[in-house]
Protein chains: 2
Amino acid sequence: MAKNKRDIDRQLKQTEIEEAAAELFVEYGYEATSMAMIAAHADVAPNTLYWYYKNKDEMLVAALNRLVAEFLTNIATIQDQPLDQQLLTVIEHFEEASKLVATVHARLTQSASIRDWHKQFHLMLDAVFIEKLNSRGLSATQAKMMATVGTFIIEGLLSNPHTKQQRPSVLAWLADLLSAKAP
Amino acid sequence: MAKNKRDIDRQLKQTEIEEAAAELFVEYGYEATSMAMIAAHADVAPNTLYWYYKNKDEMLVAALNRLVAEFLTNIATIQDQPLDQQLLTVIEHFEEASKLVATVHARLTQSASIRDWHKQFHLMLDAVFIEKLNSRGLSATQAKMMATVGTFIIEGLLSNPHTKQQRPSVLAWLADLLSAKAP
DNA sequence: ACCTGAACACCGTTCAAGT
DNA sequence: ACCTGAACACCGTTCAAGT
């Protein structure tokens, strides 16, 4: 809600910082990206970052939210493709940020902000999955579990190096599993 | 292959260091455990650790190998239990070290030693899975994929906080999937 | 309100020196 | 061969001071 010049400048600066952070986190990973690097890319002094964010974890959360927003607009455009194709697109979208999957899990025990973000993210992802599972005659409990399993498999593919053949075969298997009607 | 007093002392000291490292990594996580903490627990100067290990990642590898050795002797004792019970035991065994699952994935991009260890670990785990899938009429390709999926689900359960009900239901589902004959 | 220079405590790691 | 004290470069973060 930018109301005047001052607010607009603030938002501009903040956007600049978050873009720098997201870009560097994705490219080099969280740990290998120092606050000094982010500051340099955003053209501010390192300690200025602490005016906008409480600490490095909060900056990661801001960057993650940017990436998720991109993902949500992306997925809206492929609604009508077959399920395994949709899954492949999702993986390819997150692949460039695959380092951050591991980072989020690693920081779960260290940071409450990351914990909160992670919880919300999975709720969102489960909702997306469950919506796709709609009208397949699954009970709510079954649908929830299939969503969980689907998420685990996607995370697995993102977290672990794997061969070119492994990915489509796992995804085809998963799509098949998700498409099957309840017994 | 300890051949004399000197070698025995060396092995003793090294064991002491690795035990301290494994204990602290498991309790506090990799990042929150400093080389200084490990050194203090093993009663040496911090830089002494670098006589035995190239760097902190190599120390993590040594600690991981210790934990895996424990796991292997553990799993041998539960061969005759039903599959979902075996899976539950595996998860419970790794749960105390669940922080390290995320750490290994996070350091995959940073350290070649971790990359090597991770590759070997999954080869080992796949072999265990595939052996359990034996004589179920699966093709080698199918068995390999089921092993991959099984691993991903276990990693998912270890990496993500989940409810008390979620775990047994996912594991029962997985055990069922693994037990089913090929079509 | 926003930004900075300087400093702080800590980190993994190295090196020259000891035994 | 094994171990150490001292130092190095870097890290995230804080604080007092500026505008």
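Letters go in sequence order (proteins before strands), and every chain restarts at 1. Every value quoted in this text rests on a predicted model; they were computed, and no experiment measured them.
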Report each atom pair, protein N/O against N/O of nucleotides 10-14 of chain C, whose distance is under 3.5 angstrom.
from   : atom 1 : to    : atom 2 : distance (Å)
C:dG12 : OP1    : B:K56 : NZ     : 2.8
C:dG12 : OP2    : B:M35 : N      : 3.0
C:dT13 : OP2    : B:Y50 : OH     : 2.7
C:dT13 : OP2    : B:K56 : N      : 2.9
C:dT13 : O5'    : B:Y50 : OH     : 3.2

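- Ring pair B:H122/B:H118 is perpendicular by interplanar angle, where above 60° counts as perpendicular and below 30° as parallel.
- Of the inter-residue distances, the one linking B:H105 atom NE2 with B:I114 atom CD1 reads 11.0 Å to the nearest 0.5 angstrom.
- Distance from the side chain of A:V44 is smallest to C:dT4 among D:dT4, C:dT4, C:dA1.
- With contacts defined as side-chain heavy-atom distances shorter than 4.5 Å, the pair B:K56/B:Y30 qualifies.
- Residues A:L177 and B:F129 share a single hydrophobic cluster, defined by chaining ILVMFWY side chains whose heavy atoms lie under 4.5 Å apart.
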> What do the steps show when you test A:T148 against B:Q166 for side chain to side chain donor-acceptor pair (under 3.5 Å), and what is the final call?
Replying inline: CA-CA 9 Å; A:T148 302; B:Q166 217 171 347; 3.2 Å; yes
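- A tilted orientation is assigned to the rings of B:F94 and B:F71, their planes being inclined by 30° to 60°.
- Helical stems in DNA chain C, defined as runs of 3 or more consecutive Watson-Crick or G-U wobble pairs with donor-acceptor distances under 3.5 Å: C:4-8 with D:12-16, C:12-16 with D:4-8.
- A side chain to side chain contact (heavy atoms under 4.5 Å, CB included) with A:Q81 is found for one member of A:L83, A:I78, A:D84 and no other, namely A:I78.
- In this structure, A:I17 places its CD1 atom 11 Å from C1' of C:dC3, rounding to the nearest Å.
- Remark: B:W51 is not in phosphate contact with D:dC3, judged by side-chain N or O atoms under 4.0 Å from OP1 or OP2.
- For the residue pair B:Q110 and A:Y28, the shortest heavy atom distance occurs at NE2-O, 3.8 Å.
- Between the OH atom of A:Y53 and the P atom of C:dC2 there is a distance of 13 Å, given to the nearest Å.
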